[in-house]
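The structure appears right after this line, and notes come after that.
The figures here come from the full heavy-atom set of this structure, side chains too, leaving out hydrogens, waters and symmetry mates. Being a predicted model, the structure only gives us computed values, none of them experimental. In what follows, chains carry the letters A, B, and so on, assigned in the order in which the sequence lines appear, proteins first and then strands, with residues in each chain numbered from 1.
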Protein chains: 2
Amino acid sequence: MENKIRILLYEDNRDLREGMTFLLQATPSLQLVGAFPDTSNLEMQIPGLKPDVVLMDIDMPGRTGIDATPVVKALRPETQVLMVTVFEDEDRIFQAIRNGASGYLLKRTSPTEIIAAIHDVYQGGSPMTSSIARRVLHFFQQEQPVAKSKDYDLSPRELEILKSLVKGFSYKLIADEHFISIDTVRSHIRHIYEKLQVNSKTEAVLKALKEKIV
Amino acid sequence: MENKIRILLYEDNRDLREGMTFLLQATPSLQLVGAFPDTSNLEMQIPGLKPDVVLMDIDMPGRTGIDATPVVKALRPETQVLMVTVFEDEDRIFQAIRNGASGYLLKRTSPTEIIAAIHDVYQGGSPMTSSIARRVLHFFQQEQPVAKSKDYDLSPRELEILKSLVKGFSYKLIADEHFISIDTVRSHIRHIYEKLQVNSKTEAVLKALKEKIV
DNA sequence: AAGCCAATCACATAAAGAGGTGAAAAACTC
DNA sequence: GAGTTTTTCACCTCTTTATGTGATTGGCTT
């Protein structure tokens, strides 16, 4: 392997940072290009050091790893961010992922596994422990059982009009959009209201959104 | 270990089913309680066989593994469903997870890993390959970068009024709700419209929802 | 063929909402 | 303590929406 994976490390705990530094430097396939206790110079370091993989702690003084992650992805989208942290709560996991992290390891992960995870994330995987994965899946499953949204029996045309309502259009705009008269729009909307059991535009829009009719 | 993990297998391909059957029976910590080529008798088998873990193929004649999964979870929520399949597309992965699957393995996974995954899922983990995990993360990341929602600088009172708008209330109702006159409501709403740069109730509500201002 | 429903349009009235202008008391800021 | 913002209210005008009633056309069903 001629090209080493370029690693950048952010970790505020000195012992951990030095331990990781040692581990990474001892691995021939990796090249540690920097190790810092905070992300205050992130905007310089990412473009300058061009890391392939950033190991990011979450709890750091100043900007947290959660907040730093989207900045990394904005500065250099091809850089993979691997969270390495002690936090196992769904909230932080979720935020990190939403912000662009590609993997999530716990600090108690063994050195061997950390090295493996780095290769993994570099090759397009998303390493995470199966307990983290379970928490991630949890998010999807939390969302309402999706049940089949009640069928309000809207006609195709009515559905189109409803979609336009949800775009925030006025009657006039909807009429123009569909090349029909305002009175026709009114007529459709009357029927929609009856079927949805509402009596204002806002209620119809809210119901359409909440029940995913559109 | 006195209690073996009870396994139920659904797999339409005969060779694969028999191969898996052999593998599972050869593992002392597991007890195979059934192996079927389709899910037509799912409603009888789940309550009858009380599996701890169901290995579920996706592509089966009749009801697919995707459709069978929520039925399993409904019949016996404590049963863990592990998808074992050849499909790696985000759509199927997503559907399986939404329907309650707790893990997702590819058929090319080694026997050792499959056995490990069964124990893993039984103990509350969510085994999946890191490439599957990457696809799962992808869903989260597709959603808008969340950035910090723009600050429209609404005053506390304006925010309350906006919340009422989002409940679908009329001016009159909002006035009653907050013990203020309709004219005051109008006044607040005018300011809200200015700040949000909209000019109708529906637009305000949509913007509030979309940008998570409320 | 008769009947039903979807889609179109019209006219009319009443209620709700949008926009202009002004203003006063209270709270907050500098 | 002077100036700004927030919250409250009023009145007036115009537009948009909501609702009633009715009617025509074309497609689908029985």
* Stepwise, does the side-chain hydrogen bond (donor to acceptor under 3.5 Å, both in side chains) test hold for B/Asp38 with B/Ser40? -> CA-CA 6 Å; B/Asp38 61 68; B/Ser40 51; 2.4 Å; yes

* To do: Find the distance A/Ile174:CD1 to C/dT8:C1' and express it as a whole number of Å.
  => 16 Å

* **Whole-Å gap separating P (C/dA15) and NZ (B/Lys201)** => 16 Å

* To do: Measure distances between side-chain N and O atoms of A/Ser170 and base N and O atoms of D/dT16, and say whether any donor-acceptor pair falls under 3.5 Å.
  => no

* To do: Provide, to the nearest angstrom, the distance between the CD1 atom belonging to A/Ile189 and the C1' atom belonging to C/dT8.
  => 14 Å

* Asked: So which nucleotide from C/dG17, C/dT8, D/dT7 ends up closest to the side chain of A/His188?
  -> C/dT8

* How about B/Lys107: does its NZ atom have over 12 heavy atoms from other parts shown lying under 6.0 Å from it? -> yes

* Asked: C/dA6 P sits how many Å from A/Leu159 CG, rounded?
  -> 13 Å

* Ignoring the backbone of A/Ser200, work out which of D/dA18, C/dC11, C/dA7 is nearest its side chain. => D/dA18

* **Test side-chain contact (heavy atoms from CB on, under 4.5 Å) applied to B/Met83 and B/Arg92, step by step** => CA-CA 10 Å; B/Met83 309 303 293; B/Arg92 282 206 182 74; over 6 Å; no

* hbond_proxy A/Arg190 side chain to D/dT17 base (donor-acceptor, 3.5 Å cutoff) -> no

* **B/Ile180 side chain, from C-beta outward: closest of D/dA18, D/dT8, C/dA7** => D/dT8

* Structure fact -> Result for 5'-nearest mapping on DNA chain D, choosing between A/Ser187 and B/Ser181, is B/Ser181

* **Listed nucleotide nearest any side-chain atom of A/Asn199, set D/dT7, D/dC9, D/dT19** => D/dT19

* For C/dT8, take OP1 and OP2 only and decide whether either is under 4.0 Å from a side-chain N or O of A/Arg157. => yes

* Asked: Counting just side-chain N and O atoms, does A/His191 come under 4.0 Å of either OP1 or OP2 of C/dA6?
  -> no

* To do: Go through the steps to decide whether A/Ser187 and A/Thr184 satisfy the test side-chain hydrogen bond (donor to acceptor under 3.5 Å, both in side chains), and finish with yes or no.
  => CA-CA 5 Å; A/Ser187 173; A/Thr184 305; over 6 Å; no

* Return no unless some side-chain N or O of A/Tyr193 is found under 4.0 Å from OP1 or OP2 of D/dA18. => yes

* Asked: Between C/dC5 atom C1' and A/Leu154 atom CG, what is the distance in whole Å?
  -> 14 Å

* What's the CG-P distance between A/Asp153 and C/dA7, to the nearest Å? -> 11 Å

* Structure fact -> Testing D/dA10, D/dT17, C/dA6 for proximity to the side chain of A/Lys195, the answer is C/dA6

* Asked: Would you call B/Arg157-B/Glu160 a salt bridge at under 4.0 Å N-O?
  -> yes

* Asked: Separation of B/Ile182 atom CD1 from C/dG19 atom P, in whole Å?
  -> 17 Å

* Asked: Roughly how many Å is it from CZ in B/Arg186 to P in C/dG22, rounded to a whole number?
  -> 18 Å

* Asked: Can you find a side chain N or O atom of B/Thr184 that sits less than 4.0 Å from OP1 or OP2 on D/dC9?
  -> yes

